[in-house]
Structure formats: structure tokens, C-alpha cells
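Working notes, structure below.
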Amino acid sequence: MDELLRIENLSKKYGSKTALDRLDLTVGRGHIVGLLGPNGSGKTTLIKLIAGLLTASEGKILVNGNTVGVESKKVISYLPDTTYLNMNQTVDEVIKLFKTFYADFDENRAKNMLAAIGIETKTRLKTMSKGTKEKVQLILVMSRRADLYILDEPIAGVDPATRDYVLNIILSNYDPNASIIISTHLISDIEKILDQVVFIKNGKIERFGNVDDIREKEGKSIDALFREVFKC
Amino acid sequence: MPWNIESDRPVYLQIVEHIMNDIFSGRIKTGEQLKSVRDLATEAAVNPNTMQKALQELERIGLVYSRRTSGRYVTEDAELVKKLKEEKTLEQLKIFLERMENIGISKQDLIRILESK
């Protein structure tokens, strides 16, 4: 099945405030999709709905044809924008945890990536720098053999060199049968690894398309277009 | 050569130009096998689908061909490479001449300057 994620008429209201407004979106397999929007546009709400951490007020989300629930969670690997790991644990202990939780977790893949950047697995998370913690977390999330990876702000708190490394991890784990959705507002750093973008504005989709088509049509970078569309 | 991809024009076109230049300059030889899409994409830090599109474009031009099971190769047709290289040279020369004309230097002036240096 080519269609991996299908969202129809999706709305989410917090009380009287509408965070997502009748949104439609379809994502196929083998894509790296940028979910771009200013703060408060509804990015994280959308991600949490897909990941099953929030329930929709209206509309539906299908992942691999299944509604959000046990089946969809099995095939989604989600990197939240805040850490959820126990900082007292060592990397080894966290790896064990992932193995228990996720049948598709590839321990060797994780250990190879950690070794490649010299992270000692006996180290406790709390002794690591913020950037190293973020790298560990991303490696764990990318080490699952999932169908849909959702990364919420994976490069927000890291230096430019680490950013390059993060992009390298994402690219080297690219799987043509899976797709990766990356939410960010640091567009210029990430736009070359994307092949599709979604612009989200006030809970609605403002634009969705292939990045090179957009560059060709607009004659400018996605970053420049973003600044134009979301001009304050 | 580092890839130096810019974000303000289609990335696949820049990849096509980059690989073409590598072939023209001999950094990649005729008949040589190209790296896999995945490796090239990681090296250039671009999306694998974009790299794929660029390689397909090179195939369309005829500079690259694929063998069913063993990947992509640079054409062995040296004549074609020469022809495309000349086209590229003319294209670049035209741009250069226009620029020179813009600052008041004619073709004759240029030839004189080139020969005296």
C-alpha cells in the first residue's frame, strides 16, 4: 500500500480555541516531509494526534489503513520535543527498555550509531550534555524499523556540527518503505534533506508539495518562502 | 569536490550539474560505476528521492545508464561527453561575454588581453 498516512477533516479544539481546523493530508511512503509552521500554528497538536497522545475533536487519521490505536502505535516511532527518558538510567538500560517495549527495535543499529559517535553505553543520561542526550534519543527513535517516524523539533537545541550529524543519522537510516515527518522552524538547516513540505498556519494547511517544484515555481528557497507566507 | 548545494533553486538540477562537471573534468571517468543513491544522498546531504530524480535526469541526457542489477554507470560514449562539454563551454562563454560586454569589453578586446597575458 502506497498510502502511509491519511488525515481527513481533522479538527482539534481546546475549549473554545481551535488548534486544528478541518485539515486534510495524505503522505505516501519513502518521503521525508517537513512540517513547518510558526509557534502556535498547530504542529505539535497534529503530531500528538498522529502519535495517539491526544484525541481528535472531529475527523479521522489512518496509519497504514488503521485508525490511531495499538496497531498504529506499533508502526510509529515518535521523538517528542521534550525528553521522557529517566535521566538516572544508563544508555544500556534505556536500550533494554526500548527492546522490551518495541518489537521492531534494532539493538545493533542503535549500538553501531552510538559507537560511531563515541557514546559510551555505560554512561548515565544525566551526566551527558543536552546535545548528547538529544543525539542518544534520536538514535533510539531511528533504530526502530518503523513505518512512520515523527520527529518533533529534532535539531532545536543543538550546535551546527551536531545538526549536520543529526541530518546524517536521518539520511543514513532512510528506508523507501517508511516516511519521516520532521517538525521544525529551523528550515534553512533542514530543507535539503526534505522532499515534501507542509506549511501549517492557524490550524490549516497553507501549502503542501514537492520542495523542488516549489523552488522552481517560486524561484526561492523554502526558507525564504516560509518567511514570506508567515510574515508578521 | 564538496557539493555546495544552494537552497534557492531546484536541488536536483544542482546535483545534475555537479555530477556533469565531475564527468567533464574526469573526476569521474567514463564507464565508471557511480555510488548508490543512498551513499550519494548522504554524501551530498540531500533527500534520496531528489538524488534519484537527478540520476534519472542524467540517464535521460544519456550521460549515465543503469544496469539492471548492478547500479548506475557513466556512459562509455566519449563523443557524447565531448559534445555535452562543448555545449556547456559555449553556454558559459555566452554568459561571460554578455558580462564583459556589459562593462564595455568587446570580443576583440578579450582576445587581445588573453593573448598578451
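In what follows, every chain begins at residue 1, and chains take the letters A, B, ... in the order their sequences are listed. None of these values were measured; they are calculated from a predicted model.
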Within residues 33-42 of chain A, which residues come under 4.5 Å of chain B, heavy atom to heavy atom? none
Contacts of type side-chain contact (heavy atoms from CB on, under 4.5 Å), residue B:K35, not counting sequence neighbours: B:D39, B:L40, B:E43
What part of A:D213 gets closer than 4.5 Å to chain B, counting heavy atoms only: side chain, backbone, both or neither? side chain
Please classify the contact of B:R9 with chain A as side chain, backbone, both or neither, using a heavy-atom distance under 4.5 Å. backbone
CG/A:D223 to OG/B:S7 distance, rounded to the nearest 0.5 angstrom? 7.5 Å
Can you name the nearest heavy-atom pair linking B:P10 to A:R215, along with the distance? N-CB, 3.9 Å
Might you confirm whether atom CZ of B:F96 has over 12 heavy atoms from other residues, nucleotides or ligands at distances under 6.0 Å? no
Around atom NZ of B:K85, are there more than 12 heavy atoms from other residues, nucleotides or ligands closer than 6.0 Å? no
Name, in order of residue number, those residues of residues 160-175 of chain A that have a heavy atom at a distance of less than 4.5 Å from a heavy atom in chain B; otherwise write 'none'. A:N168, A:L171, A:S172, A:N173, A:Y174
For atom NZ of A:K48, is the number of surrounding heavy atoms from other residues, nucleotides or ligands below 6.0 Å larger than 12? no
Partner chain A: residue of B:L13, B:T50, B:T42 with the largest heavy-atom pair count (under 4.5 Å): B:T42
B:N49 and A:H31, any side-chain heavy atoms less than 4.5 Å apart: yes
Can you tell me if B:E17 has over 12 outside heavy atoms packed within less than 6.0 Å of its CD? yes
NZ (B:K88) with more than 12 external heavy atoms under 6.0 Å: yes
Report, in residue-number order, which members of residues 191-203 of chain A are under 4.5 Å from chain B by heavy-atom distance. A:E191, A:K192, A:I193, A:L194, A:D195
